[in-house]
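Here is the naming used below: chain letters follow the sequence lines, and residue numbers restart at 1 for every chain. Hydrogens, waters and symmetry mates play no part in the numbers below; they use all other heavy atoms, side chains included. Source: prediction; values computed, not measured.
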Protein chains: 2
Amino acid sequence: MKMSEGVEWTAHACTLLAALPPGIGLSAAALAEFHDLAPAYMAKHMQALARAGVVESVRGAGGGYRLARKPHDVTLWDIYEAIEGEEPAFRCSEIRQQGPCPGIGDFRKPCEINAIFGRAETAWKAELKSMSLADIVADLARKQTPARRAQLTEWLGEKLG
Amino acid sequence: MKMSEGVEWTAHACTLLAALPPGIGLSAAALAEFHDLAPAYMAKHMQALARAGVVESVRGAGGGYRLARKPHDVTLWDIYEAIEGEEPAFRCSEIRQQGPCPGIGDFRKPCEINAIFGRAETAWKAELKSMSLADIVADLARKQTPARRAQLTEWLGEKLG
DNA sequence: GATATCGTACTCGGATATACATTGTCCGAGTGGTGACGG
DNA sequence: CCGTCACCACTCGGACAATGTATATCCGAGTACGATATC
């Protein structure tokens with residue numbers, strides 16, 4: 001089972017957006033350049049985030065993407081769901097009801113194996129929902145040295161004009 | 001993100017094997033027939049379980065697959081890992097260190113985003129590890145009607161000879 | 001009648017095609033900024 | 001000098017191709033069972 005790498009890309013991109021002043025955004029090209037990623041593919045993933053309402057898109061010159069909500073109100077789950085979709089990883093196809101001997105269990109009750117995987121995914125989802133972009137940005141700020149912060153502000157100044 | 005349907009196939013197959021008397025097994029063809037699945041593909045998945053040591057294979061006439069351990073000692077995680085492998089779903093490629101401005105955070109410490117996904121997968125894994133085949137079989141037995149149990153034993157008698 | 005041997009049917013195991021999803025790229029649609037032009 | 005208009009550059013958005021992974025199948029390797037022939 002492999003998660004799309006788009007999740008990693010957009011998670012880092014949103015972290016950067018969350019570190020900007022409210023209402024300020026960056027173009028998809030700039031977000032891609034920041035982590036040395038393929039610009040066109042990054043743009044495709046940002047579109048998914050825009051459709052999901054995590055970010056807002058601003059077209060035209062000087063446009064780009066900016067967070068649609070405050071960093072505290074965007075969780076890693078929101079980003080994951082925007083990229084991967086809301087379908088669970090485990091899809092029960094009810095094979096217990098197929099075959100020459102479907103007489104195991106009560107079909108009015110959910111498949112037990114499906115129920116276990118469902119519980120597991122709920123636990124996983126809860127962990128992702130517990131962390132917002134604000135938490136991540138705060139963590140990064142704590143680890144950051146002054147020299148590196150200056151490097152970041154210089155790059156941002158160049159991009160924001 | 002999508003889990004291989006082989007996980008569902010083998011989980012149900014192992015549940016059936018766990019319901020048999022200790023040391024008794026079934027051929028891959030019989031396991032496939034039981035849930036009306038493609039026999040050759042079912043065999044391929046059972047091979048993965050055999051490599052992982054979840055089941056033992058017996059070649060030759062009358063052979064097949066049987067559980068390598070007691071049902072209580074086989075968890076859904078064992079089956080998942082045998083099919084999907086042990087690599088995590090989220091692979092951190094350390095893109096935070098790439099690009100023109102890699103100066104965010106302390107690289108000696110793990111990437112915060114990766115850490116969150118790691119915690120989430122740990123929670124997910126714990127849930128799967130908490131359920132053994134014995135638990136699942138017990139649950140099915142509780143839901144089962146006498147008529148359906150008779151149907152199962154008849155089919156098994158035909159297959160086991 | 002007992003035993004050793006051969007043949008056969010059955011099963012696993014891995015190598016080999018196919019279908020589908022993800023990844024990656026491109027060009028058109030839309031929008032704000034900018035410069036020229038006229039009042 | 002100021003307002004308006006048209007053009008242009010920039011950005012998003014979705015359609016289109018390439019690649020990789022999961023799905024599906026087949027044929028060869030190996031083993032136990034049973035029949036047969038011999039002692």
Electrostatic pair B:Glu121-B:Arg119, nearest N-O below 4.0 angstrom: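 No, B:Glu121 and B:Arg119 are not salt-bridged.
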Decide, yes or no, whether a salt bridge links B:Glu87 with B:Arg91 under the criterion of side-chain N to carboxylate O below 4.0 Å.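 So B:Glu87 pairs with B:Arg91 through a salt bridge.
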Going by distance alone, is a donor N or O of one side chain under 3.5 Å from an acceptor N or O of the other, for B:Glu5 and A:Ser93?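 There is no such pair between these side chains.
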Is a donor from one side chain sitting under 3.5 angstrom from an acceptor on the other, for B:Gln151 and B:Glu154?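 No donor-acceptor contact under 3.5 Å links the two side chains.
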Between B:Val74, B:Leu67, B:Thr10, B:Ile79, which is the residue that forms a side chain to side chain contact (heavy atoms under 4.5 Å, CB included) with B:Val55?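 Between B:Val55 and the candidates, side chain to side chain contact (heavy atoms under 4.5 Å, CB included) is satisfied uniquely by B:Leu67.
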Could you state the [atom1]-[atom2] distance from [X] to [N], rounded to the nearest angstrom?
X: B:Glu5; N: C:dA19; atom1: CD; atom2: C1'; value: 12 Å
X: B:His45; N: D:dT25; atom1: NE2; atom2: P; value: 11 Å
X: B:Arg59; N: D:dT31; atom1: CZ; atom2: C1'; value: 8 Å
X: A:Leu49; N: D:dG13; atom1: CG; atom2: P; value: 11 Å
X: A:Lys2; N: C:dT22; atom1: NZ; atom2: P; value: 10 Å
X: A:Met3; N: C:dT22; atom1: CE; atom2: P; value: 13 Å
X: A:Gln47; N: D:dT11; atom1: CD; atom2: P; value: 15 Å
X: A:Ile83; N: C:dT22; atom1: CD1; atom2: C1'; value: 13 Å

Roughly how far, to the nearest 0.5 Å, is the NZ atom of B:Lys44 from the CD1 atom of B:Ile83?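 Reported value, rounded in 0.5 Å steps: 10.0 Å.
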B:Ser132 side, atom OG; B:Arg69 side, atom CZ - distance, nearest 0.5 Å: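 With rounding to 0.5 Å, OG (B:Ser132) is 11.0 Å from CZ (B:Arg69).
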Would you say C:dG13 has OP1 or OP2 under 4.0 Å from some side-chain N or O of B:Arg51?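 No, outside the criterion.
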Using only side-chain N and O atoms of B:Ser57, determine if any of them is under 4.0 Å from OP1 or OP2 of C:dT11.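 Looking at the OP1 and OP2 atoms of C:dT11, neither is under 4.0 Å from any side-chain N or O of B:Ser57.
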If you look at every strand shown and take non-hydrogen atoms under 4.0 Å, does A:Gly64 touch a base, only sugar-phosphate, or nothing?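 Since only primed, P, OP1 and OP2 atoms lie under 4.0 Å of A:Gly64, the category is sugar-phosphate.
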Close residues, residues 17-32 of chain B, relative to DNA chain D [heavy-atom separation under 4.0 Å]: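 None - not one residue of the stretch has a heavy atom sitting under 4.0 Å from the strand.
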Sub-4.0 Å heavy-atom contacts from residues 36-43 of chain B onto DNA chain D, ordered by number: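 Output list: B:Ala38, B:Ala40, B:Tyr41.
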Return whichever of A:Ala61 or A:Trp9 has its heavy-atom-nearest nucleotide of DNA chain C closer to the 5' end.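 Upstream on the strand: A:Trp9.
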Please report the C-alpha distance between B:Asp78 and B:Lys129 in whole Å, then the side-chain angles of each, then the deciding distance to 0.1 Å, and finally whether the salt bridge (Lys or Arg N to Asp or Glu O under 4.0 Å) criterion is met. CA-CA 8 Å; B:Asp78 296 323; B:Lys129 279 193 171 179; over 6 Å; no
Which nucleotide sits closest to the side chain of B:Lys44: D:dT25, D:dA15, D:dA29?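 Side chain of B:Lys44 sits closest to D:dT25.
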Can you list the residues that meet the ring-ring contact (aromatic ring centres under 6.0 Å, His included) rule with A:Phe117, with sequence neighbours excluded?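 A:Phe117 satisfies ring-ring contact (aromatic ring centres under 6.0 Å, His included) with A:Phe90 only.
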